[in-house]
Amino acid sequence: MGYKETYEAWLANPYFDADTKKELESIAGDENEIKERFYADLEFGTAGLRGVIGAGTNRMNIYTVRKATQGLANYIIGQNGQNKGVAIAYDSRRMSPEFADEAACCLAANGIKAYVFESLRPTPELSFAVRELGCISGINITASHNPPEYNGYKVYWEDGAQITPPHDKGIMDEVKAATDYAAVKTMDKAEAEKAGLYETIGAKIDDRYMEELKKNVLHPEAIKEASDKLTIVYTPLHGTGNIPARRILKELGFNNVYVVPEQELPDGEFPTVSYPNPEAAEAFELALKLAKEKDADLVLATDPDADRLGVYVKDSKSGEYICLTGNMSGSFLADYEIGQKLAIEGKLPEDGELIKTIVTSNMVDAMVEHYGIKLTECLTGFKWIGKEILRMETTGKGHYLFGFEESYGCLIGTHARDKDAIVATMALCEAAAFYKLQGKTIWDAMLEMYEKYGYYKDDVIAISHKGIEGLAKIKSIMDNLRQNPPTEFGSYKVTAFRDYQEDIIKDMATGETKPTGIPKSNVLYFELTDGAWLCVRPSGTEPKIKLYFGVVGENLDDADKKSKDLAVIVKDLLDKL
C-alpha cells in the first residue's frame, strides 16, 4: 500500500478517533506533508521511537505508541517475563502522560502489569525503578533534548539499561510484525487498575533512589564545612530535574542553591529556549545572568529528562564563567571520583575499569594509565556502558569505577544503568565544596588535570539533513567515506582506519587488518598523527550526521587552535561529498 492509500485508509477506518481524522483532513492536498507522515512507519530502532508528534504512521501518536507496546508485550510474553511487570516513566513534553497511559493500558490488556510513576520523573530514576521493582522491562516517554514538537519512547530491559542485543532485535521484529493498528490490544485504565494490572508508583521509589545516590558521596565533611561558602545556580530547563536535583542538594546540606525561576516549572513548549539542550549556549543565558547576580561558583543545567548535565564554572582570575564540554566535565568527574577513592581507601580494585564510548576524549587513556586500571571502550550510547556493567556482574570479572560519554552523560555508582544527571549534579557540587576548602575552584582543578594528563581538546559538529532527502544525503556521505577513506586531513596523516560496520581496523602503513572487537555499527573512525582523531556517524536520535574529533596541544591556546583548524578541514571535506 502506498502512502496515499495509507492516508486514505486512516481517514476511512473507524478505529482512528475524530481528532486524528480532523488533523489529517487539514492536510488534504498537501502532497509533501502526506508523504512525510505516511511514507513509512515511524521506525522502532535500537533506542525505541522518536519523532514529531502528530497523526500518521511516521509520527508519534497514541496509535504508534500502542503498536510499539504491543510488539514489546509480544516479546515479553515470548520471554516468559509477563509476571514481572514493566515500569513506566515520562517527562514534561506534550502528550507524555497520555503516551505513558496508552502504553500501560496496552500492557495490561496483554496481562502484563504496569508500574506507572504518578508524575514526571528523570530517566535515571526509571532505570533504577526497573531493577528496584524486579521488572522485566521499562518504558520512558521522552525525547530528551529534542525540540518541542518531538516526543519519544525508550525501552529498557531488566538490567535497567536500554535494550541491546539480542533483545533489541527481538523487540524490533515484534514491533514490525504488528502491522494492523486495529488489532492492537488495549483496555480501560480503571479496569486495568481494578484488575491489579496498573499500579501508580512514586514516593517510595523516590526515597530509595535518593538513598542510593547518597551512597556515592565521598566527602560529606567537605560539604558540611563548605556549604555556606559555595553558591550554586541550577536550571532544569522546564524538565524533570527540578525536584530530585534540589532535593538531593538540600538533603546533603548545600544551602545556597538558586534555581532559574523562568525555567523552574515543567513546560513541554520550552518557552525560554528553542532547543532545550545543555550543550547549547542559549540554554544557559538565564542561568548565567542569575549566576552573575549571585556570584555563583557553579552553574548547572539538566536536559528535560535529566540524564545529561551541562556545566559552567567560574574562573576566579578573570571572573568569567567557562563552559565545560561533556568530555571536560566527564574527565573531571572521572578523575575526582577515582582519585578520591584511591586517596580514601589507599588502593583501587585490581580489576577496576573505566568505561568510555569510542567518541569520548582520549584524555581518559592517559588517566587509566596513571591509575593502573583497565580502559574499556564501547559504542556510542549509554546502553553499551550499561551492557559492560552487566558483563561485570554476570562474569564476576571487573569492578566498575566510572563510565561516561562525550554528550554530557556519566554514571557514578551502579544504582542505574543509564546516564544520571542527578548523581552528576551531586558529585560536581561535592567536588566544588572539596576544592573550595583548598582555596581552589573547579576550573583551577581542571587546569591541574590538564597539566597532569595533557592538553586534550575534543569537539563535535552536528550537521542537519532533514526529511527523506536528508536521509539519502547522510547515507551518501557515509558511503563515500567508507569506500574512499581519506589518507590525510590537512597536516594530519591517517595512521589507522576503523570501520565498525565492517568490523575492521586497518593499519594504513602496512595494510593489515584486525577486528574492532565491538558490535557492528555505522561508524567510521580515523586515527591521526600527533594524537589526533576523527569519527563520523549518523545520529541515532536526530536527522543529523555527527563529526567528533580531538587533538592534543602544548597548552590550552594551542589545543584550541589545532581543534579549530581541524574543524575547518573536516567541514570542507563534507561539503565536497
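As a basis for the values below, the full set of heavy atoms in this structure was taken, side chains included, without hydrogen atoms, waters or symmetry mates.
- Around atom NZ of Lys224, no more than 12 heavy atoms belonging to other residues, nucleotides or ligands sit under 6.0 Å away.
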Pair Leu524-Arg482, side-chain contact (heavy atoms from CB on, under 4.5 Å): steps then yes or no: CA-CA 7 Å; Leu524 302 174; Arg482 176 169 283 116; 3.7 Å; yes
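- A donor-acceptor contact shorter than 3.5 Å links the side chain of Asp303 to the backbone of Asp307.
- No side-chain heavy atom of Ile243 sits less than 4.5 Å from a side-chain heavy atom of Pro236.
- Looking at Asp503, its side chain does come within 3.5 Å of a backbone N or O of Thr516 through a donor-acceptor pair.
- Listed by chain and residue number, nothing satisfies the side chain to side chain donor-acceptor pair (under 3.5 Å) test with Lys506 (two or more places apart in sequence, or in another chain).
- Using a 4.0 Å cut-off between charged side-chain N and carboxylate O, Asp351 and Lys374 make no salt bridge.
- Under a cutoff of 6.0 Å and an axis angle of 45°, Arg308 and Tyr408 do not form a cation-pi pair.
- Side-chain contact check for Thr357 versus Leu379: every heavy-atom pair is 4.5 Å or farther apart.
- Contact annotation: the side chain of Pro485 approaches that of Phe526 to within less than 4.5 Å [non-hydrogen atoms, C-beta and beyond].
- Contact check on Arg121 versus Asp91 returns no salt bridge, with no Lys/Arg side-chain nitrogen under 4.0 Å from an Asp/Glu carboxylate oxygen.
- Ring to ring, Tyr75 and Trp157 are close: their centroids are under 6.0 angstrom apart.
- In this model, no donor atom of one side chain and acceptor atom of the other lie less than 3.5 Å apart for Ser563 and Asp560.
- Between Glu502 and Lys520, none of the side-chain N atoms (NZ, or NE/NH1/NH2) sits under 4.0 Å from a carboxylate O, so this pair counts as no salt bridge.
- Between Ser137 atom OG and Ile76 atom CD1 the span is 4.5 Å, to the nearest 0.5 Å.
- Environment of CD in Glu393: crowded, with over 12 heavy atoms of neighbouring residues, nucleotides or ligands closer than 6.0 Å.
- No hydrogens or angles considered: nothing links the side chains of Asn242 and Tyr234 as a donor-acceptor pair under 3.5 Å.
- Using modelled atom types and a 3.5 Å distance limit, the side chains of Tyr336 and Glu430 yield a donor-acceptor pair.
- With respect to the salt-bridge test (charged N to carboxylate O, under 4.0 angstrom), the residues Lys204 and Glu132 do not qualify.
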In sequence, state the C-alpha distance, the side-chain angles, and the governing distance for Glu377 and Lys356, and then conclude on salt bridge (Lys or Arg N to Asp or Glu O under 4.0 Å). CA-CA 5 Å; Glu377 283 192 311; Lys356 72 162 188 171; 3.5 Å; yes
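- Ser127 contributes a side-chain N or O that, together with a main-chain N or O of Gly160, makes up a donor-acceptor pair within less than 3.5 Å.
- In this structure, Asp173 pairs ionically with Lys169, as a charged nitrogen and a carboxylate oxygen lie closer than 4.0 Å.
- Shown here is Gln438, whose CD atom has more than 12 heavy atoms of other residues, nucleotides or ligands within 6.0 Å.
- Looking at Tyr456 and Asn327, their side chains never bring a donor and an acceptor atom within 3.5 Å of each other.
- Interatomic distance, CG of Asp499 versus OG of Ser521, reported as 10.0 Å (0.5 Å rounding).
- Between Glu527 and the choices Arg498, Lys493, Met508, the side-chain contact (heavy atoms from CB on, under 4.5 Å) rule is met once, by Arg498.
- A donor atom on one side chain and an acceptor atom on the other are not found under 3.5 Å apart for Asn522 and Arg537.
- When side chains are defined from C-beta on, Met426 counts as touching Asn216, because their heavy atoms get closer than 4.5 Å.
- Between Thr495 and the options Thr529, Leu528, Thr487, a side-chain contact (heavy atoms from CB on, under 4.5 Å) holds for only Thr529.
- Sequence neighbours left out, not one pair with a member in residues 372-393 passes ring-ring contact (aromatic ring centres under 6.0 Å, His included).
- Looking at heavy atoms from C-beta onward, Cys429 lies in side-chain contact with Leu298 at the 4.5 angstrom threshold.
- Counting heavy atoms from C-beta on, the side chains of Tyr115 and Ile88 never come closer than 4.5 Å.
- Each of Asp305, Asp418, Thr123 was compared with Asn140 under the side chain to side chain donor-acceptor pair (under 3.5 Å) criterion, and only Thr123 meets it.
- Checked against a 6.0 Å centroid threshold, the rings of Phe284 and Tyr312 count as neighbours.
- A pairwise comparison of heavy atoms in Asp507 and Ala509 identifies OD1-N, 2.8 Å as the closest pair.
- Salt-bridge check for Lys215 with Glu211: failed, with every basic side-chain N at 4.0 Å or more from each acidic carboxylate O.
- Under the 4.0 Å criterion applied to side-chain N and carboxylate O atoms, Lys436 and Asp297 are assigned as salt-bridge partners.
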Let me see the working for Glu448 and Lys440 under salt bridge (Lys or Arg N to Asp or Glu O under 4.0 Å), right down to the final yes or no. CA-CA 11 Å; Glu448 290 178 357; Lys440 300 176 186 176; 3.0 Å; yes
Checking Ile355 against Tyr400 for the side-chain contact (heavy atoms from CB on, under 4.5 Å) test, could you report, in this order, the C-alpha distance in whole Å, the side-chain angles of both residues, the deciding distance, and whether it holds? CA-CA 8 Å; Ile355 309 171; Tyr400 178 79; 3.8 Å; yes
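- Under 3.5 Å, the side chains of Thr376 and Glu353 contain a donor-acceptor pair of N or O atoms.
- Side chain of Thr142 to main chain of Tyr90: no donor-acceptor pair is present (N/O by atom type, distance under 3.5 Å, no hydrogens or angles).
- Across every non-hydrogen atom of Val552 and Gly531, the tightest pair is CG2-O, 3.9 Å.
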